[in-house]
**Student:** 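Take this structure, written in structure tokens, and hold onto it; I'll ask about it next.
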Amino acid sequence: MRSAAIRLGPAIPARSATLVALARTWFARAAARRRQRLDLAQLDARLLRDIGLTREQAGAEAAKGFWRA
């Protein structure tokens, strides 16, 4: 009785793996930007002054879409 050989190689071609890795990196960066902008929107006037931003500048940055760098 012969046992079937199981291949444990990559499930997707190398080019596809590279594209998947690039997409994961992009999504991770976009998620980080989103979190940072949400945090920026929550800062009070004193903290905004400390980082040199006005409420309007912070609001404009926080309103940007997560996909915009």
Side-chain angles (χ1 to χ4, degrees):
M1 186 165 161
R2 289 180 77 197
S3 62
I6 298 175
R7 287 186 60 194
L8 298 176
I12 54 178
R15 183 168 175 84
S16 295
T18 301
L19 291 175
V20 169
L22 287 172
R24 291 175 100 182
T25 300
W26 184 87
F27 279 110
R29 288 180 181 168
R33 275 194 302 271
R34 180 179 179 272
R35 283 190 305 273
Q36 291 167 3
R37 287 176 176 153
L38 289 173
D39 291 342
L40 181 63
Q42 299 300 314
L43 295 180
D44 62 23
R46 181 184 57 84
L47 292 172
L48 287 172
R49 219 175 17 255
D50 283 349
I51 61 173
L53 292 178
T54 65
R55 172 62 55 199
E56 292 77 26
Q57 291 170 321
E61 184 65 28
K64 285 184 182 179
F66 68 89
W67 59 90
R68 294 188 56 206

**Student:** Starting at CZ of R34, measure out to CG of D39 and round the result to the nearest 0.5 Å.
**Tutor:**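 It comes to 10.5 Å.
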**Student:** Rounded at 0.5 Å granularity, tell me how far CG in L19 sits from CZ in R24.
**Tutor:**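 One finds 13.5 Å between CG of L19 and CZ of R24.
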**Student:** Within the supplied structure, the quantity of interest is the number of heavy atoms (other residues, nucleotides, ligands) at a distance under 6.0 Å from R29 CZ; does it exceed 12?
**Tutor:**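 No, not enclosed.
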**Student:** In Å and rounded to the nearest 0.5 Å, what is the CG to CG distance from L47 to L53?
**Tutor:**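 Answer rounded to 0.5 Å: 11.0 Å.
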**Student:** Distance from L48 atom CG to E56 atom CD, nearest 0.5 Å?
**Tutor:**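 The CD atom of E56 is 10.0 Å from CG of L48, to the nearest 0.5 Å.
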**Student:** Quick one: which of R37, R68, Q36 gives a side-chain hydrogen bond (donor to acceptor under 3.5 Å, both in side chains) with E61?
**Tutor:**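 Only one of R37, R68, Q36 forms a side-chain hydrogen bond (donor to acceptor under 3.5 Å, both in side chains) with E61, namely R37.
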**Student:** Mind checking salt bridge (Lys or Arg N to Asp or Glu O under 4.0 Å) for R33 and listing every partner two or more places apart, or none if nothing turns up?
**Tutor:**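 R33 satisfies salt bridge (Lys or Arg N to Asp or Glu O under 4.0 Å) with no residue once adjacent residues are dropped.
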**Student:** In Å, rounded to the nearest 0.5 Å, how long is the span from CD of Q42 to CG of D44?
**Tutor:**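 The CG atom of D44 is 10.5 Å from CD of Q42, to the nearest 0.5 Å.
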**Student:** Would F27 and W67 show up in the same hydrophobic cluster when neighbours are defined by side-chain heavy atoms closer than 4.5 Å?
**Tutor:**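 Yes, same cluster.
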